[in-house]
Amino acid sequence: MNFVYLLIEFLDELIYGISEAAWPFIRDDLHLNYIQIGLALSLPGFLANFIEPFLFAIADTWKRRAVILAGGIFFTLSLALTGISTSFLFLLASYILFHPSSGAFVSVSQASLMDLAPERREHNMARWTFAGSLGVFVGPILLSVAAYIGFGWRGMFIGLALLSTLILAYAWKRI
C-alpha cells in the first residue's frame with residue numbers, strides 16, 4: 001500500500017517538472033503574454049487555498065479513500081484538458097481544476113502514508129521526498145526527449161493523463 005502513495009507523489013512532481021519546463025512551448029503555442037502566464041501560475045493556487053481546507057476536513061472526518069480517488073479523477077481530467085487546451089482561458093480552467101485536485105489526490109495521500117505507520121514517519125517522509133525529487137528530476141528530461149522527437153508539450157500532458165489513469169486504477173485497488 002505504501003508504494004501507491006509514492007507513485008502518486010512521483011507523478012505529481014513529474015507533472016510539476018514537465019509543466020515548469022514546458023512554459024516556453026505553451027507560451028509560444030497559445031500566444032500567451034506574461035500577464036496571462038502570471039495569472040495561470042498564480043490564480044489556480046490562490047483559489048485552491050480556499051477549496052483545499054474543506055477537502056482536507058472531509059478527508060479527515062469522512063472517507064479519506066473517497067477524497068483521494070475523487071481527487072485523482074479530477075487530477076487526471078485536468079491533465080487531459082491541459083493537453084487539449086487551445087486558448088488561455090481553457091488552459092487557466094484546466095490549471096484551476098488541477099490545483100485542488102492535486103491537494104485531494106496528493107496531499108491526502110501523503111497524510112495517509114504518514115498515518116499508516118506513525119513510528120516510521122521520518123522514514124516514510126524520506127521516501128516521499130525521494131519519490132518527488134525523482135519526478136522533478138525526470139520531468140524536464142522527458143519533455144526534452146518529447147520535444148526532440150516531435151511529441152511536444154501537448155503530447156506530454158496527454159501522456160501524463162494516461163499515466164495518471166494507470167496510477168489511479170492501481171490506487172483504486174490498493175487504497
Side-chain angles (χ1 to χ4, degrees), residues 1-23 40-42 44-80 82-83 94-147 153 156-175:
M1 186 180 300
N2 293 348
F3 183 67
V4 69
Y5 295 129
L6 298 175
L7 273 177
I8 290 168
E9 169 61 0
F10 172 80
L11 174 65
D12 184 59
E13 295 302 334
L14 178 71
I15 292 163
Y16 176 77
I18 289 170
S19 295
E20 295 305 302
W23 272 111
L41 289 170
S42 60
F46 178 77
L47 295 175
N49 285 331
F50 295 101
I51 299 167
E52 287 179 348
F54 296 104
L55 295 174
F56 298 154
I58 291 168
D60 205 35
T61 59
W62 189 57
K63 295 189 179 196
R64 195 176 273 192
R65 178 181 190 274
V67 172
I68 292 171
L69 296 177
I73 291 167
F74 288 107
F75 183 94
T76 302
L77 178 63
S78 71
L79 293 171
T82 300
S94 72
Y95 276 35
I96 288 171
L97 178 61
F98 179 80
H99 276 71
S101 300
S102 176
F105 191 42
V106 182
S107 298
V108 178
S109 289
Q110 182 183 23
S112 296
L113 177 63
M114 297 307 121
D115 289 348
L116 280 176
E119 69 285 352
R120 296 189 43 88
R121 279 193 177 131
E122 291 83 10
H123 176 77
N124 283 334
M125 196 61 218
R127 292 168 60 209
W128 180 270
T129 302
F130 177 76
S133 297
L134 188 61
V136 168
F137 175 75
V138 170
I141 296 169
L142 284 178
L143 181 65
S144 297
V145 171
W153 72 273
M156 283 303 305
F157 278 95
I158 297 299
L160 288 169
L162 295 173
L163 178 60
S164 183
T165 300
L166 293 174
I167 292 173
L168 181 59
Y170 183 69
W172 206 281
K173 294 181 178 186
R174 303 283 186 212
I175 294 178

Run the side chain to side chain contact (heavy atoms under 4.5 Å, CB included) check on Ile175 and Tyr5 step by step: do they pass? CA-CA 9 Å; Ile175 294 178; Tyr5 295 129; 3.7 Å; yes

Check the pair Asn2 / Arg127 against side chain to side chain contact (heavy atoms under 4.5 Å, CB included), numbers first and verdict last. CA-CA 10 Å; Asn2 293 348; Arg127 292 168 60 209; 3.6 Å; yes

Full working for side chain to side chain contact (heavy atoms under 4.5 Å, CB included) between Phe75 and Ile15: CA-CA 11 Å; Phe75 183 94; Ile15 292 163; 3.4 Å; yes

ring-ring contact (aromatic ring centres under 6.0 Å, His included) between Phe46 and Phe50: does it pass, once the steps are laid out? CA-CA 7 Å; Phe46 178 77; Phe50 295 101; 5.2 Å; yes

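Leu113 is listed as a side-chain neighbour of Leu6, based on a closest heavy-atom distance under 4.5 Å. At least one side-chain heavy atom of Leu14 sits less than 4.5 Å from a side-chain heavy atom of Ile18. A heavy-atom distance below 4.5 Å is found between the side chains of Phe56 and Ser107. Leu160 has its side chain out of reach of Thr82: every pair of non-hydrogen atoms, C-beta onward, lies at least 4.5 Å apart.
Between Tyr95 and His99, the two ring planes are tilted [angle within 30° to 60°]. Ring planes of Phe3 and Tyr170: perpendicular class, angle over 60° (limits at 30 and 60°).
Within a 6.0 Å radius of OH in Tyr16, other residues, nucleotides and ligands contribute 12 heavy atoms or fewer.
Counting all heavy atoms, side chain and backbone alike, Met156 lies closest to Ala146 at SD-CB, 3.4 Å. Residues Ala104 and Gly71 share a closest heavy-atom pair of CB-CA, 3.7 Å. Of all non-hydrogen atoms in Pro100 and Leu97, the two that sit nearest each other are CD-O, 3.6 Å. Among all heavy-atom pairs drawn from Met114 and Met125, the shortest one is CE-N, 3.7 Å.
Separating the CZ atom in Phe105 from the CG atom in Leu168 is a distance of 5.5 Å, to the nearest 0.5 Å. The CG atom of Asp60 sits 11.0 Å away from atom CD1 of Ile58, with the distance rounded to the nearest 0.5 Å. Here the straight-line distance linking atom CG of Leu7 with atom OG of Ser109 works out to 10.5 Å at 0.5 Å rounding. Rounding to the nearest 0.5 angstrom, the gap separating the OG1 atom in Thr76 from the CD1 atom in Ile167 is 8.5 Å. For the atom pair CD1 (Ile8) and CD (Glu13), the distance works out to 13.0 Å, reported to the nearest 0.5 Å. Interatomic distance, Leu55 CG to Ser102 OG, rounded to the nearest 0.5 Å: 11.0 Å.
Each of Arg120, Glu119, Arg121 was scored for a side chain to side chain contact (heavy atoms under 4.5 Å, CB included) with His123, with one residue passing: Arg120. Evaluated for a side chain to side chain contact (heavy atoms under 4.5 Å, CB included) with Phe157, the options Ser94, Ser78, Ser19 yield exactly one hit, Ser19.
Annotation: side chain to side chain donor-acceptor pair (under 3.5 Å) contacts of Ser101 (sequence neighbours excluded): none.
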